[in-house]
Amino acid sequence: MNKKKKISIVSVIGILVVGIATWMLWGPAPQNKVAFETAKVSNGNISNMVTATGTVNAITSVEVGTQVSGIVSKLFVDYNSVVKKGQLLAELDKTVLLTELASKKSSMASCKTEYDYQLKNYNRTKALHTKNLVSDSDYETAYYNYQKAKNSYDISKNDLHKAQTNLGYATITSPIDGVVLSRSVEAGQTVAASFSTPTLFIIANDLKKMKVIANVDEADIGNVKKGQRVSFTVDAYPNDTFEGEVTEVRQEATTTNNVVTYQVVINAPNPDLKLKPGLTANITIYTLEKNGVLSVPSKALRFNPEELIGAEDKVVKAAGIKVDDTHKILWKREGKTFTAIPVVIGITNGTLTEIVSGISAGQEIIVDATSGQMPGQSKDSAQATQGDKQKDSESSPFMPKRPGANKTK
């Protein structure tokens, strides 16, 4: 009985092995399934953006200096001091300037005395010359001395005005309302204005209104226009996003390490005074932006069912459908029928495309299709199944067939 039982088991196993081998060699090849990705037409936001970095600055900042040399005798403001236009900021020692002013006054007085004398002498000589009582030579000499004294007097008046002006420069006042950002001198320090005007203070007009100078790459600058919306962050407040607007696109190019950039000026309201001059800003400029527009995934416009149609499938496409830059085709599938929907498109950011007309929100369209694969079969081999079938049908009947191929009759 045990021997018969063993023989029976071996026989059953043999039959199963033969059956499986026969199915693998002569059975029908597995068919790859096509999976369709669909999406509904919906309203959404479409935007394109350019990123850049920049520096936060005050909209108006003034460097306050002095046109005269001297020792800083008094300072009346410090860092972050709020000042008004005309407010006293500092004073230079006026000793030398007052001495020079007194000297110019004395010089002018002397020139005036000489001028008055020569004027009277000229008038007297002119009257006598009219009556032919003095020679032409005496008249010309009197006129010459008069003109010379007049010119000297005019020069002395100008020198006195200059000395008075220089004395006024020793008193340094604020040219604008604002906040002192920088103070470059200390009391007792000597400033020299012989060749250039030294900067004593930097005053920002209104820190509640800031600007950002962004450096935009040459590849992106063509899309940046005045009035575009901007958002940016700064490292000091990583969780805050600040808003702004492009106010100027400067034409001058800057080249650094063979990289060409252009400066873009962005206004940046700062009501909370969080933004400080000099902060580095990470900027996003929205070069294309539409909200709440009818849109579809852009790859749906590239889908073509004719490449995947099977024996039972049917494609319905009206004759004369125009396809160009603005006229495209979307596809929907009902059962085995693919129907073309002509649409007019608008803007696109590469991922989403605006639909101007041709379809309404809520309709389901085909976005993409992918061929399925059998377990253990790669995607490339799955997509090549149809070609393999054709090659098998054309091969020699005496060559071994791959597992799953149909038997040549």
Side-chain angles (χ1 to χ4, degrees), residues 54-102 104-105 157-214 226 234 242 244-252 263-281:
T55 305
V56 178
N57 295 282
I59 289 182
T60 302
S61 60
V62 179
E63 295 183 354
V64 181
T66 176
Q67 294 186 2
V68 294
S69 302
I71 298 174
V72 180
S73 61
K74 296 179 181 179
L75 285 174
F76 300 97
V77 296
D78 205 343
Y79 292 94
N80 300 332
S81 296
V82 178
V83 296
K84 298 292 184 180
K85 183 177 181 180
Q87 181 176 331
L88 187 62
L89 303 178
E91 278 187 354
L92 302 182
D93 182 71
K94 299 180 181 180
T95 303
V96 175
L97 296 174
L98 287 171
T99 302
E100 184 178 359
L101 179 62
K104 296 301 180 183
K105 284 181 178 180
K157 287 192 293 184
N158 291 334
D159 289 342
L160 177 62
H161 179 69
K162 180 180 178 181
Q164 290 173 333
T165 302
N166 287 339
L167 181 62
Y169 288 150
T171 301
I172 300 165
T173 59
S174 175
I176 59 173
D177 295 343
V179 178
V180 177
L181 298 182
S182 172
R183 176 176 60 81
S184 304
V185 292
E186 298 289 345
Q189 182 176 338
T190 300
V191 292
S194 301
F195 302 102
S196 61
T197 301
T199 299
L200 307 183
F201 305 94
I202 297 178
I203 301 177
N205 180 244
D206 185 2
L207 294 183
K208 290 186 178 181
K209 297 177 182 178
M210 305 291 281
K211 67 180 178 181
V212 180
I213 307 297
K226 181 179 179 180
V234 294
F242 301 90
E245 183 180 290
V246 175
T247 59
E248 182 184 4
V249 180
R250 294 178 177 173
Q251 301 298 323
E252 182 183 9
Q263 289 188 337
V264 175
V265 182
I266 301 161
N267 77 325
N270 188 31
D272 300 330
L273 298 178
K274 287 186 174 181
L275 297 176
K276 304 181 185 302
L279 290 177
T280 299

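Source: prediction; values computed, not measured.
Listed here is the closest heavy atom pair of Pro269 and Pro271: C-CD, 3.4 Å. Closest of all the heavy-atom pairs between Ile176 and Ala204 is CD1-C, 4.4 Å. Across all their heavy atoms, Ala281 and Val212 have their closest contact at CB-CG1, 4.0 Å. The shortest non-hydrogen separation linking Thr247 to Ile266 is OG1-N, 4.2 Å. Listed here is the closest heavy atom pair of Val62 and Pro175: CG1-CG, 3.8 Å.
Contact of the Val246 side chain with the Val265 side chain is not registered, since no non-hydrogen atoms from C-beta on lie closer than 4.5 Å. Looking at heavy atoms from C-beta onward, Thr190 lies out of side-chain contact with Ser69 at the 4.5 angstrom threshold. Using a 4.5 Å heavy-atom threshold, the side chains of Arg183 and Leu75 count as touching. By the 4.5 Å heavy-atom criterion applied to side chains, Pro277 and Met210 are counted as neighbours. In this structure, Val64 and Leu200 have side chains that are not in contact, with every pair of non-hydrogen atoms separated by 4.5 Å or more. By the 4.5 Å heavy-atom criterion applied to side chains, Lys157 and His161 are not counted as neighbours. Between Leu101 and Gln164, some side-chain heavy-atom pair lies under the 4.5 Å cut-off. Between Gln87 and Val77, the closest side-chain pair of non-hydrogen atoms falls below 4.5 Å.
One distance of note links CG of Leu92 with CD1 of Ile172; it measures 4.5 Å at 0.5 Å rounding. In this structure, Asp206 CG and Leu273 CG are separated by 8.5 Å, a value rounded to the nearest 0.5 Å. Atom CG of Leu181 and atom CD1 of Ile202 lie 7.0 Å apart (nearest 0.5 Å). Atom CG of Leu279 is separated from atom CG of Asn57 by 10.0 Å, given to the nearest 0.5 angstrom. Annotation: the span from Thr60 atom OG1 to Ile203 atom CD1 amounts to 12.5 Å, rounded to 0.5 Å. Taken to the nearest 0.5 Å, the CD atom of Gln67 stands 5.5 Å off from the OG1 atom of Thr197.
Put simply, the side chain of Thr55 never gets that close to the backbone of Ile213: no donor and acceptor are under 3.5 Å apart. Thr199 contributes no side-chain N or O that, together with a main-chain N or O of Phe201, makes up a donor-acceptor pair within less than 3.5 Å. Listed for the Asp93 side chain is no donor-acceptor partner under 3.5 Å among the backbone atoms of Val72. For the pair Asn270 (side chain) and Lys274 (backbone), a donor-acceptor distance under 3.5 Å is present.
For the residue pair Lys94 / Thr171, a side-chain donor-acceptor distance below 3.5 Å is found, with atom types taken as modelled.
In this structure Asp272 satisfies the salt bridge (Lys or Arg N to Asp or Glu O under 4.0 Å) test with no other residue, sequence neighbours excluded. Qualifying salt bridge (Lys or Arg N to Asp or Glu O under 4.0 Å) partners for Lys85, counting only residues two or more places apart in sequence or in other chains: none. Judged as a salt bridge (Lys or Arg N to Asp or Glu O under 4.0 Å), and not counting sequence neighbours, the contacts of Glu248 are Arg250.
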Does Lys211 form a side chain to side chain contact (heavy atoms under 4.5 Å, CB included) with Asn267? I'd like the steps, not just the answer. CA-CA 4 Å; Lys211 67 180 178 181; Asn267 77 325; 5.6 Å; no

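Few gaps surround CD on Glu91; more than 12 heavy atoms of other groups in view lie less than 6.0 Å from it.
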